[in-house]
2 protein chains.
Amino acid sequence: MVSCFTEKHENIKLKLANSEEYIGGVESASKIFAMLGEPVRMKIILALMEGELCVYHICEITGGKQSAISQHLRKLKDSHIVKARKDGNQVLYSIADDHIFSIVKTALEHSKCL
Amino acid sequence: MVSCFTEKHENIKLKLANSEEYIGGVESASKIFAMLGEPVRMKIILALMEGELCVYHICEITGGKQSAISQHLRKLKDSHIVKARKDGNQVLYSIADDHIFSIVKTALEHSKCL
DNA sequence: CCCCTATATTAGCGTTTACTAATATTTAGT
DNA sequence: ACTAAATATTAGTAAACGCTAATATAGGGG
């Protein structure tokens with residue numbers, strides 16, 4: 001084993017190391033997955049895919065407490081998965097961009113079969 | 001606020017609650033994301049997308065220790081993201097099915113822009 | 001100006017997670 | 001059978017995470 005680390009393997013290693021260039025970097029790519037990898041946040045995303053929602057409604061829909069939801073929303077916003085806009089008293093959240101839609105939809109289409 | 005929980009919102013709530021039917025359930029869907037949400041596991045997946053690899057090579061490519069990698073591989077296998085086959089002395093890992101390919105590829109295509 | 005509603009923030013706590021180091025298991029070659 | 005290589009497992013530990021409860025901030029209406 002020790003000896004058969006071929007050039008092919010070396011190339012894969014380099015490709016990963018230089019992943020900044022062909023992805024936004026392994027770290028940042030997996031960060032997005034980590035955000036979706038929490039059931040409550042997943043529910044939030046699924047709810048927001050139906051349209052813009054205020055915090056209160058997100059709490060109702062997901063059954064989560066206000067504080068917990070608010071913290072999840074902050075993380076999702078920091079990760080640019082979700083965006084917020086103020087409307088008087090309240091804050092309306094929505095999916096940040098179409099990329100998130102594609103990612104989640106693809107995953108959902110396939111997750112039935114996993 | 002308290003009062004304006006419309007039928008639309010109720011429907012979203014129900015849809016989430018019955019998510020078993022239109023996805024494999026929020027829990028199981030987000031579990032897959034959680035698996036990909038760990039940088040080391042992400043590297044493993046990216047490496048395996050280039051082809052079948054034995055544990056030793058995965059360690060070399062990712063720069064991880066044997067024990068840690070082995071534990072990640074077990075989790076990935078338990079989640080049916082990866083499959084293993086024995087070849088004499090060693091164990092060769094590969095991506096379990098095409099769904100994983102689609103999910104990861106879609107995510108990577110878009111993650112550049114996040 | 002005060003109060004109420006909507007949202008955000010903070011601190012503390014228990015759980016989960018990923019790592020390391022050590023050990024066990026399995027297989028190949030001699 | 002013995003030894004060495006490849007992989008798996010286990011126990012212990014430190015860090016990360018998500019939750020709750022309490023508190024803070026900000027805006028709107030009387």
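Chain A is the first sequence line, chain B the second, and so forth, proteins listed ahead of strands; every chain is numbered from 1. In what follows, every heavy atom counts, from backbone to side chain, and hydrogens, waters and symmetry copies are set aside.
Atom CG in B/Leu92 sits roughly 11 Å away from atom P in D/dA8 (whole-Å rounding). Rounded to whole angstrom, the span from the CG atom of B/Leu76 across to the C1' atom of C/dT17 amounts to 14 Å. With rounding to whole Å, B/Lys77 atom NZ is found 7 Å from D/dA8 atom P. For the pair A/Gln90 CD and D/dG28 C1', the interatomic distance rounds to 12 Å; values are reported in whole Å. Following rounding to the nearest Å, A/Glu60 (CD) and C/dT5 (C1') show an atom-to-atom distance of 14 Å. A/Leu36 has its CG atom 12 Å from the P atom of D/dG18, to the nearest Å.
In this structure B/Val91 satisfies the side chain to side chain contact (heavy atoms under 4.5 Å, CB included) test together with B/Ala84, B/Lys86, B/Tyr93, sequence neighbours excluded.
Judged by distance alone, with hydrogens and angles left aside, the side-chain atoms of A/Arg41 form a donor-acceptor pair with the main-chain N or O of A/Met35 at under 3.5 Å.
An OP1 or OP2 oxygen of D/dA8 is reached within less than 4.0 angstrom by a side-chain nitrogen or oxygen of B/Tyr93. Side-chain nitrogen and oxygen atoms of A/Arg74 include at least one within less than 4.0 Å of the OP1 or OP2 phosphate oxygen of C/dT9.
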* How does protein contact run along nucleotides 19-30 of chain C, one letter per nucleotide 5' to 3', with B for base contact, S for sugar-phosphate only, - for none, heavy atoms under 4.0 Å? -> BBB----SBS--
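Of the options B/His9, B/Lys15, B/Lys8, a side-chain hydrogen bond (donor to acceptor under 3.5 Å, both in side chains) to A/Glu50 is made by B/Lys15 and by none of the others.
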* Begin from the C-alpha positions of A/Glu60 and B/Glu10 and carry the test side chain to side chain contact (heavy atoms under 4.5 Å, CB included) through to its verdict. => CA-CA 9 Å; A/Glu60 288 297 311; B/Glu10 187 60 39; over 6 Å; no
* To do: Assess whether side chain to side chain contact (heavy atoms under 4.5 Å, CB included) is satisfied between B/Phe33 and A/Ile32, documenting all intermediate values.
  => CA-CA 9 Å; B/Phe33 284 118; A/Ile32 296 161; over 6 Å; no
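Backbone-only engagement by A/Lys75 is indicated by non-hydrogen atom pairs under 4.0 Å involving sugar-phosphate atoms exclusively.
No salt bridge links B/Lys75 with B/Glu38; every basic N to acidic carboxylate O contact stays at or beyond 4.0 Å.
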